[in-house]
Amino acid sequence: VRVLRNGNYEFLDGTSMATPHVSGVAAAVWSHDPSCKARDIRALLAFTAHDIDSPGRDVNTGYGLVDYAAALD
């Protein structure tokens, strides 16, 4: 969501909006355990994501919705 100059909201989606959120969760996981490799964090994020479309990875939603709490656990 982005606030426009007139005070209204604009809803945005896509990889440009998802990337900062997923990157933030990845950084938090890495901060929690700096010994993790990038491939480990990527696998963890995929494993803990909530599937929200077709079962498994799909072109519309990737692996699903990132789950910050589950990734840190």
Side-chain angles (χ1 to χ4, degrees):
V1 175
R2 177 173 70 166
V3 180
L4 302 175
R5 289 183 186 195
N6 64 7
N8 291 330
Y9 294 97
E10 179 179 24
F11 293 92
L12 304 170
D13 61 9
T15 56
S16 296
M17 297 296 101
T19 299
H21 296 281
V22 176
S23 298
V25 174
V29 170
W30 190 39
S31 173
H32 184 72
D33 185 356
S35 69
C36 285
K37 303 286 187 213
R39 67 177 174 269
D40 301 328
I41 294 172
R42 183 178 175 150
L44 177 70
L45 294 180
F47 180 75
T48 57
H50 293 280
D51 201 352
I52 56 175
D53 201 2
S54 300
R57 186 184 181 291
D58 59 81
V59 296
N60 292 321
T61 62
Y63 289 100
L65 183 64
V66 68
D67 186 336
Y68 177 81
L72 285 181
D73 282 345

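Along the sequence shown, residues carry numbers from 1.
- If you chain together hydrophobic residues whose side chains sit under 4.5 Å apart, Tyr68 and Val66 fall into the same group.
- Under a hydrophobic-cluster definition in which Ile, Leu, Val, Met, Phe, Trp and Tyr are linked whenever side-chain heavy atoms come within less than 4.5 Å, directly or via other members, Phe47 and Ile41 are assigned to different clusters.
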Listing, residues 25-33 side-chain donor-acceptor contacts under 3.5 Å, not counting sequence neighbours, or none:
| unit_1 | atom_1 | unit_2 | atom_2 | d |
| --- | --- | --- | --- | --- |
| Trp30 | NE1 | Pro34 | O | 3.2 |
| Asp33 | OD1 | Ser35 | N | 3.2 |
| Asp33 | OD1 | Ser35 | OG | 2.6 |

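- Taken from CG in Asp53 to CG in Asn60, the straight-line distance is 5.0 Å, to the nearest 0.5 Å.
- In terms of modelled atom types and a separation under 3.5 Å, the side chain of Asp51 and the main chain of Gly64 share no donor-acceptor contact.
- Ala71 and Leu44 make their closest contact through O-CD2, 3.2 Å (heavy atoms, listed as atom of the first residue, atom of the second, distance).
- When all heavy atoms are compared, the tightest approach of Thr15 to Thr19 is O-OG1, 2.6 Å.
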